[in-house]
Amino acid sequence: MSELPNNQGHESEAAIEALFAEAEPRPVPSPDATLLAKKVVREAWEKRVRRKRTLRRVAVAASIAVATMLAIQLQPTPSATLPQFAVVERLDGVASKVGDNGRLDRIGTGAAIRIGETIRTEYSAGLALDWHQGGSLRLDEHSEIVFVADNEIKLNSGRIYYDSKNDRVDAHSLLVRTELGVVEHRGTQFMTEIRDSDALSVSVREGEVSINGRYHQAVAEAGQQVILRGNRRPEERRINTYGADWEWIASVSPSVDTTGMSIHDVLMWVQKETGLTIRYETEAARKEAIRVVVSGMDEIDNPMVALRNAAAIADLMVNREEGNGVIRISL
Amino acid sequence: MISVLMIVHMEDKRLVKRLLAGDERAFEGFFEENFARLYRFALSRLGGDDALAQEAAQRSLIRAIDRLHTYRAEAALFTWLCTICRNQIIDMQRSDARRDKHVVLTEDHPHIQAMVEAIAAPVAESPDAEYQRRESIRLIQVALDKLPARYGNVLEWKYIEGYSVVEIAAKLDVGREAAQSLIARAKRAFADVYGTLVEGLKMTTQSVTHHE
């Protein structure tokens, strides 16, 4: 391999000329490929710049709100005056807020969660949050989320489930950001999971969800699961809206005060929490379920226990059909 | 004395800042300076597959755009981009279809094939000389790509494509003296980088020989 002399005089010029005498022009990509690549990369850049500007606006708005509240307080206690965006409704196992330098502060039921805070669940843990913008947000075991804004979270790892409870007139859409894409919905129940750090999985129980990945976009409907894995084409498949993959959600169902609820209301709650379909065998069975109002039933937080108790109160028969997720109710 | 390369890192840091701020000219410069170089970086690692190399370069730039905020200017921007490209190539090669197409078996590698054939061939017909020549050309191209894009371009224009200083000045829309000054700086930078590559190759060869 030819070498170059260290001096910078004519010898150096001659050496470089000699070296380059055998060289060839460097290969270049085709003009078409270059144009296409420029277009695609530009789109990614413009999206990136817009996202940065949006986040900056949200952060600025939040910080202004914080500053205003602190000014009012004579002895400001920042953690107590920052706006709350969620409250822990139910907690099984161990969950913590992740503080500076990774310090973990255990949280319990009733803990308030604020913008900018990160919460993490340990193995075998799960929690349910009452989301102030409307909806129920649940976190599975070994998962971590950051509360970015009042309608936005970042899923760092693990699995979340969101029920927008879209019967509320003020229900807001929730944006779920991940390293692999952004999931956005309105009026749905869906589950989002980061698997092995390189796959984003979105499963929809009800409604519709849009997913904006780095390389692909997709829309998932009820009964569909979409997986984005790197730059591969999205995988789409039909799934059940009930069953083993969804059971963890029911295991952290927030407690519901049943006072004044009809048996029909309880059954509809069971349907929503489990993804199973409640079907009345006869009109008479349905009317009886509406007629009977719960009295003396404890707060319910376990759908299947609630189903059994409700049926017993109204003297209704419950038959679970195998394989199709239907629960038949009869007199 | 601040070396040429350190100055480049500062420029890279400023470019990234402008990119993140949405500066259109920064994007143009970022793409023009790096797409072709990444393409060449990928080309040699993807068995010379033109389409795959273009795809790898495109994906690398998209990934880099997403990770721009993590660039610390501790290394040249192009070095950082090459790291991203390397990972993209690994991802692509993990794909079953691509792996089947581009796995290079040891005995099929041109270098090994050439060595095997050379054992039986008379010295006059040995392909070693041709291999050395190709490697020399490739090393020059690698060194040119490791320089700032403008440096690599002016050297290629002058010494490989034969443009005059006046023509190079016109291409860059600068004065003749500015073009000469740029070429002189590019030569010094090339000598540094090429010398380092050759030294590194020698050390690698000696290490392999010692182990044998």
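Here the structure is a predicted model, which is why all the values come from computation and not from measurement. Note on naming: letters A, B, ... go to the chains in the order of the sequence lines (proteins, then strands), and numbering restarts at 1 for each one.
The aromatic rings of B:Y159 and A:F20 sit parallel, their planes meeting at an angle under 30°, below the 60° perpendicular limit.
Enclosure of atom CZ in B:R150 is not indicated, since only 12 or fewer non-hydrogen atoms of other residues, nucleotides or ligands lie within 6.0 angstrom.
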Audit row: B:E156, A:E24, side chain to side chain contact (heavy atoms under 4.5 Å, CB included) steps and yes/no: CA-CA 9 Å; B:E156 192 172 51; A:E24 292 170 1; over 6 Å; no
Passes side chain to side chain contact (heavy atoms under 4.5 Å, CB included), A:V41 versus B:F27? Steps please. CA-CA 9 Å; A:V41 175; B:F27 173 79; 3.8 Å; yes
Does A:R26 form a side chain to side chain contact (heavy atoms under 4.5 Å, CB included) with B:I137? I'd like the steps, not just the answer. CA-CA 9 Å; A:R26 294 170 291 178; B:I137 292 171; over 6 Å; no
What do the steps show when you test A:L19 against B:Y194 for side chain to side chain contact (heavy atoms under 4.5 Å, CB included), and what is the final call? CA-CA 11 Å; A:L19 188 65; B:Y194 183 78; 3.5 Å; yes
What's the verdict on salt bridge (Lys or Arg N to Asp or Glu O under 4.0 Å) for A:R42 and B:E24, showing C-alpha distance, side-chain angles and the deciding distance? CA-CA 10 Å; A:R42 174 185 290 283; B:E24 175 68 33; 2.6 Å; yes
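Note that CD of B:Q54 and OG1 of A:T34 are 6.5 Å apart. Values are rounded to the nearest 0.5 Å. In this structure, CD1 on B:I160 lies 11.5 Å from CD on A:E22, to the nearest 0.5 angstrom.
Note: B:L144 leads B:L144, B:L43, B:L61 in heavy-atom pairs under 4.5 Å with chain A. Residue with the most contacts toward chain B among A:A33, A:P27, A:A23, A:A21: A:P27 (heavy-atom pairs, distance under 4.5 Å).
By the 4.5 Å heavy-atom criterion applied to side chains, B:R67 and A:R48 are not counted as neighbours.
Residues of residues 161-180 of chain B that come closer than 4.5 Å to chain A, counting heavy atoms only, are B:E161, ordered by residue number. Interface residues of residues 28-36 of chain B toward chain A, defined by a heavy-atom distance below 4.5 Å and sorted by number: B:E28, B:F31, B:E32, B:F35, B:A36.
In terms of heavy atoms, A:A37 sits closest to B:Q58 at CA-OE1, 3.4 Å. Here the shortest heavy-atom pairing between B:L19 and A:V49 reads O-CG2, 3.7 Å.
Within the 4.5 angstrom heavy-atom criterion, atoms from both the backbone and the side chain of B:Q141 approach chain A.
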